[in-house]
Structure formats: C-alpha cells, structure tokens
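Contents: one structure, followed by commentary.
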Number of protein chains: 2
Amino acid sequence: MGARNGPYTCGVDAAVDVIGGKWKVLLLWALAEQPRRFGELRRELPKISEKVLSQQLRELEADAIVHREVYAQIPPKVEYSLTDLGTSLNEALSPLGAWGRAHMAHLEATYPQRHPA
Amino acid sequence: MGARNGPYTCGVDAAVDVIGGKWKVLLLWALAEQPRRFGELRRELPKISEKVLSQQLRELEADAIVHREVYAQIPPKVEYSLTDLGTSLNEALSPLGAWGRAHMAHLEATYPQRHPA
DNA sequence: CGGTATCCTCGCTGATACTG
DNA sequence: CAGTATCAGCGAGGATACCG
C-alpha cells in the first residue's frame, strides 16, 4: 500500500502508509491506553505471530510513533509506549475512528466485497 | 489488511479497511475535487492498471462511498462521484491528511524501513 | 470509451523452531 | 521474556489481451 511512484502524493497517502500495516492501528490503540510489554501485546492480539508483532513494532519505532524502552535486567523487560508523534497521530485518527464506528454496521455488511471468499 | 478475526475491533480498524486499498485515498482525493470519468481517473493515476482501477472503484461503490452514473450513449460515458457518505469520510480523513503533510519529510525518510528494498 | 478475462509475480503474513 | 531465523502460502496488485 501507500506510495505509488515517488512517495507521496498527499498527506493522507503518507499517513495511511504508516498505519496501513495489518495490525498497526490496533497496536496504536493498545499503546494509547497504556505502555505495554512485548508479551502483553502478544496476549492482546492473540492472532499475531511474534515475528510480525516484532516487525510492525520496529516499523512504528522507525517512524518515531512508538518508543522502545529496554530495561537491562534478567529476565529481560522491554516496554513500548507512544511518542508525542504517536499521540498526535492517534488524535488525528480519532475522527476516522468516529466515522468508522458510526458506519460499522454498513461496513461489516459490505465486507465480503472487499475481501471476497 | 483490515479485519483480523471477526470484523471489526474498533472504528479506525473498519475505516482503514475501507481506504486501505493501494489507490483508494488517491481516488477519494480526485473525486472530492470533482466528478470524474473512468478515463480521466486513469490519466491522473498513470501507474494504475485498468483492472485495479475498476476493482477499487467497485469496492468503493459497494461501500457506498462512490456513486457510479452510467450515461446511455455512444461512445459510452460513466461518471464517478462521491456520495454523501464518501464526502463525510473525506472530512473525517482531513486531520489525518494534515498530520501526514506536517510530517511528510520525516515519513519519506523512514519510508525505506516500511518498504525494504 | 469503459470496461472483462487470464495469467503471473512479489511481498506480506504466518507457522515453527531456535537463542541470549 | 523477548526476540531472530527460516521456510512456506496466499492473495492483492499488475501486465497483457480482448470485448460491447
């Protein structure tokens, strides 16, 4: 998804590219609530594999949406949280969330057309 | 993209699923400006294939984001425009667009991490 | 002009196994 | 606990050709 030729044509395009990963908005949502550890996130998104979770977190980290805090201790502890940029992204997302909630029923009905069997 | 298990976990998730197609936000953008014919859209998004353009338009149509008006004449003429729902989606998207524009430079720099060579 | 019909590729996603 | 490595599958997206 995202960029077509030279990145990017417009702002929405750029933003969607950042949050377009299959689990990213869910991660944003979880982290907005409170910082989480790797294992906590895995438990909250039960269907995600470790590899993909790690991958998406790193992409969000590269985009400075998520901060990764490593505690030098045994057993290891790593905590993920939203940066200021991440928080601002979440705020920019809120009208979209409201729109989605308002039309959720309709969108679930049209879901089959977007994801044919 | 989009729904994981049972659609949908939250509103943003649902919305992103609708606009997550590779070209959809660009189409929304173009149609918000003014209604367009098939060929006009193709010329504005030069890298899109006819098949995919048609596909994405039909998905947006199924979601009642886009209206498809067929004129019974020769040569054929079909005009695509935003519905009220589509317009409301575009409005809900505008903070995200502002966010994207504001951080575009940063996002282009981090682009390689999201789309490794 | 405005599409379908095929075929194909690429890379995202996932399952499993292993490590510091 | 928090990952990395490796391999495999699948499906959206794309190229090309053809049709009303």
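Each chain gets a letter, A, B and so on, in the order the sequences are listed, and its residues count up from 1.
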Requested in this report: Verify the contact: side-chain N or O of Arg68(B) to OP1 or OP2 of dG2(C), cut-off strictly under 4.0 Å; return yes or no.
Outcome: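 The answer is no; no side-chain N or O of Arg68(B) sits under 4.0 Å from OP1 or OP2.
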
Looking across every strand, which nucleic acid part, if any, lies under 4.0 Å from [X] by heavy atom: base, sugar-phosphate, or nothing?
{"X": "Arg114(A)", "value": "nothing"}
{"X": "Arg37(A)", "value": "sugar-phosphate"}
{"X": "Gln56(B)", "value": "sugar-phosphate"}
{"X": "Tyr80(A)", "value": "sugar-phosphate"}

**Report entry** Gln55(A) vs Glu50(A), nearer the 5' end of DNA chain C by closest nucleotide
**Finding:**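 The residue closer to the strand's 5' end, by nearest nucleotide, is Gln55(A).
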
Tell me, do [X] and [Y] make a side-chain contact under 4.5 Å, heavy atoms counted?
{"X": "Arg114(A)", "Y": "Val18(B)", "answer": "yes"}
{"X": "Val16(B)", "Y": "Tyr8(B)", "answer": "no"}
{"X": "Asp17(B)", "Y": "Tyr111(A)", "answer": "yes"}
{"X": "Trp23(A)", "Y": "Lys47(A)", "answer": "yes"}

Dump every N/O contact between nucleotides 7-10 of chain D and the protein below 3.5 Å, one line per pair.
none

Just the rounded figure in Å: distance from [atom2] of [N] to [atom1] of [X].
{"X": "Tyr71(B)", "N": "dG2(C)", "atom1": "OH", "atom2": "P", "result": "11 Å"}
{"X": "Glu69(A)", "N": "dA2(D)", "atom1": "CD", "atom2": "P", "result": "13 Å"}
{"X": "Glu61(B)", "N": "dG3(C)", "atom1": "CD", "atom2": "P", "result": "9 Å"}
{"X": "Arg43(A)", "N": "dG3(D)", "atom1": "CZ", "atom2": "P", "result": "13 Å"}
{"X": "Glu40(A)", "N": "dC1(D)", "atom1": "CD", "atom2": "P", "result": "11 Å"}

Minimum-distance nucleotide to [X] side chain [options: [options]]:
{"X": "Lys22(B)", "options": "dG3(C), dG14(C), dG14(D)", "answer": "dG14(D)"}
{"X": "Pro76(B)", "options": "dG13(D), dG3(D), dC1(C)", "answer": "dC1(C)"}
{"X": "Trp23(A)", "options": "dG14(C), dA2(D), dT4(D)", "answer": "dG14(C)"}
{"X": "Val78(A)", "options": "dG14(D), dA2(D), dG3(C)", "answer": "dA2(D)"}

Report task. Mind checking the CG-NZ spacing from Leu31(B) to Lys24(B)? Nearest 0.5 Å is all I need. Result ->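 Answer for the CG-NZ pair, Leu31(B) versus Lys24(B), is 13.0 Å.
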
Query raised in the report: How many angstroms lie between atom CG of Leu60(B) and atom CG of Leu27(B), to the nearest 0.5 angstrom?
Result: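 Leu60(B) CG to Leu27(B) CG: 6.5 Å, rounded to 0.5 Å.
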
Query raised in the report: Under 3.5 Å, is there a donor-acceptor pair between the side chain of Thr83(A) and the main chain of Ala64(A)?
Result: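 Yes; judged by distance alone, with no hydrogens or angles, the pair exists.
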
